[in-house]
Amino acid sequence: MVLEDPGCVDTIIQDWQSVLPATLNMWKVEQKDLQIFFEDFRNNLLHNKEDEWVKRHVMYPGLQETLKACKYPWYIVTSRAKHRTLKLVDAMLDMQWPEDTPRLYCKLLPPNQRKIETLQEILDKPMVKEQNATIHFVDDRYETVKAVAGEPSLSKVQVYMADWGYSTQAEKDAAKETKGVRVISLTQFQELLNWGILMGVDDGCGDDD
């Protein structure tokens, strides 16, 4: 779509629910067929040109070192398939996680409900319950952080909207107005991984701008 009309990006962002069916109808294809094609293409690239596939994924600056040095237990909660996620953890973080690692929750679709269920499961882990640990949940999808923040059973979870991901400015602005959600920068995310708090915000040294 963007290749055909580079100026359509704003329309796609603002009116995707209308644009999608109209475009599929114009192309005379079904959504499920495109999904199957894309999945097959991605898996073929992974299996036959793994190096090329890995290079298409770029880690945000500083995250590799911060994640590897993090002294707190952290989890990946994603809608991605497990085999692809494990490949990225290996290639980008130099961490070899087993298939049955308890730190990885994959293929969480639909994302809102499945991520809520996953957070409930993590909250129920003995090490979390016994130590009354705080769970910090970071996502770049506004609808997901909104759903998590609005779930009564997750009232003890600190919810953050990442401002460096796929979200639009309108979604970031909406997140700032959503109760229980805090929009954080990449630098603040690294602070959270390093210290378990946001420096200058949760440490009593100042207020968030």
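- A continuous path of hydrophobic side-chain contacts links V54 to M95 [ILVMFWY only; heavy atoms under 4.5 Å].
- The pair E121-K125 does not meet the salt-bridge criterion, since no charged nitrogen lies less than 4.0 angstrom from a carboxylate oxygen.
- Both M59 and I76 are part of a single hydrophobic cluster, where members link through side-chain heavy atoms under 4.5 Å apart.
- Two residues are said to be in side-chain contact when any heavy atoms from C-beta on lie closer than 4.5 Å; K82 and L104 meet this criterion.
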For a side-chain contact (heavy atoms from CB on, under 4.5 Å) check, start with the C-alpha distance between M161 and D139, then their side-chain angles and the critical distance, and finish with the verdict. CA-CA 5 Å; M161 171 87 168; D139 205 299; over 6 Å; no
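- A salt bridge links R114 and E117; the closest N-O separation between the charged side-chain nitrogens and carboxylate oxygens is under 4.0 Å.
- A cation-pi geometry, defined here as NZ or CZ lying under 6.0 Å from the six-membered ring centre and within 45° of its normal, holds between R103 and W74.
- For the side chain to side chain contact (heavy atoms under 4.5 Å, CB included) with Q120, the lone residue among I116, T118, I122 that qualifies is I116.
- Side-chain heavy atoms closer than 4.5 Å link hydrophobic residues (I, L, V, M, F, W, Y) into clusters, and following such links, even through other members, never connects Y166 to F137.
- Listed for the Q190 side chain is a donor-acceptor partner under 3.5 Å among the backbone atoms of G62.
- Closest heavy-atom contact between L86 and P98: CD2-O, 4.1 Å.
- Between K71 atom NZ and W195 atom CH2 the span is 7.0 Å, to the nearest 0.5 Å.
- In this structure, D15 contributes its side chain and T11 its backbone to no donor-acceptor pair below 3.5 Å.
- Within a 6.0 Å radius of OH in Y72, more than 12 heavy atoms belonging to other residues, nucleotides or ligands are found.
- Across all their heavy atoms, P61 and L186 have their closest contact at O-CD2, 3.8 Å.
- Scanning both residues, D140 and G165, for their nearest heavy atoms gives OD2-CA, 3.5 Å.
- Side-chain contact check for I135 versus K156: every heavy-atom pair is 4.5 Å or farther apart.
- A donor-acceptor pair under 3.5 Å is absent between the side-chain atoms of E143 and the main chain of N112, judged by distance alone.
- Taking the side chain as every heavy atom from C-beta outward, Q158 and L192 never approach each other to under 4.5 Å.
- A salt bridge is defined here as a Lys NZ or Arg NE, NH1 or NH2 lying under 4.0 Å from an Asp or Glu carboxylate O, and R84 with E39 meets this definition.
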Derivation and outcome, salt bridge (Lys or Arg N to Asp or Glu O under 4.0 Å), residues K68 and E65
CA-CA 5 Å; K68 292 184 71 172; E65 297 81 6; over 6 Å; no
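- In this structure the side chain of L193 reaches within 4.5 angstrom of the side chain of L63, judged on heavy atoms.
- Here the closest non-hydrogen pair linking S167 and A162 is OG-O, 3.7 Å.
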- Query: Hey, mind stepping through D163 and S185 against side-chain hydrogen bond (donor to acceptor under 3.5 Å, both in side chains) and telling me if it holds?
  - Reply: CA-CA 5 Å; D163 77 352; S185 65; 5.3 Å; no
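- Rounded to the nearest 0.5 angstrom, K146 NZ and K179 NZ are separated by 14.0 Å.
- Of all non-hydrogen atoms in K129 and L123, the two that sit nearest each other are CG-O, 3.2 Å.
- Rounding to the nearest 0.5 Å places CG of L24 at 12.5 Å from NZ of K32.
- F189 is listed as a side-chain neighbour of V138, based on a closest heavy-atom distance under 4.5 Å.
- The neighbour count for Q169 CD, taken as heavy atoms of other residues, nucleotides or ligands under 6.0 Å away, is above 12.
- Going from atom CG of L119 over to atom CG of D124 covers 12.5 Å, rounded to the nearest 0.5 Å.
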- [ ] Assess whether side-chain contact (heavy atoms from CB on, under 4.5 Å) is satisfied between T134 and V128, documenting all intermediate values.
- [x] CA-CA 8 Å; T134 299; V128 175; over 6 Å; no
Item to complete: Evaluate the side-chain contact (heavy atoms from CB on, under 4.5 Å) criterion for residues V183 and Y160: first the C-alpha distance (whole Å), next the side-chain angles of each, then the deciding distance (0.1 Å), finally the verdict.
Response: CA-CA 6 Å; V183 179; Y160 306 90; over 6 Å; no
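- Side-chain contact between N194 and C70 is absent, with no heavy atoms from C-beta onward closer than 4.5 Å.
- The same ILVMFWY cluster, assembled from side-chain heavy atoms under 4.5 Å apart, contains both L34 and V19.
- Between Y60 and W164, the ring planes are perpendicular. Angles over 60° get that label, and only those under 30° would be called parallel.
- Listed for the E177 side chain is no donor-acceptor partner under 3.5 Å among the backbone atoms of A174.
- Going from atom NZ of K115 over to atom CZ of R141 covers 7.5 Å, rounded to the nearest 0.5 Å.
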Q. Does the pair K87 and T85 meet the rule for a side-chain contact (heavy atoms from CB on, under 4.5 Å), with working shown?
A. CA-CA 5 Å; K87 286 283 186 184; T85 306; over 6 Å; no
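- Counting all heavy atoms, side chain and backbone alike, G196 lies closest to H136 at O-NE2, 3.6 Å.
- Residues F38 and I12 fall into different hydrophobic clusters, defined by Ile, Leu, Val, Met, Phe, Trp and Tyr side chains chained together at heavy-atom separations under 4.5 Å.
- Separation of atoms CG (N44) and NZ (K49) is listed at 8.0 Å; rounding is to 0.5 Å.
- By the neighbour-count criterion of 12 heavy atoms within 6.0 Å, atom CZ of R42 is densely surrounded, having more than that number from other residues, nucleotides or ligands.
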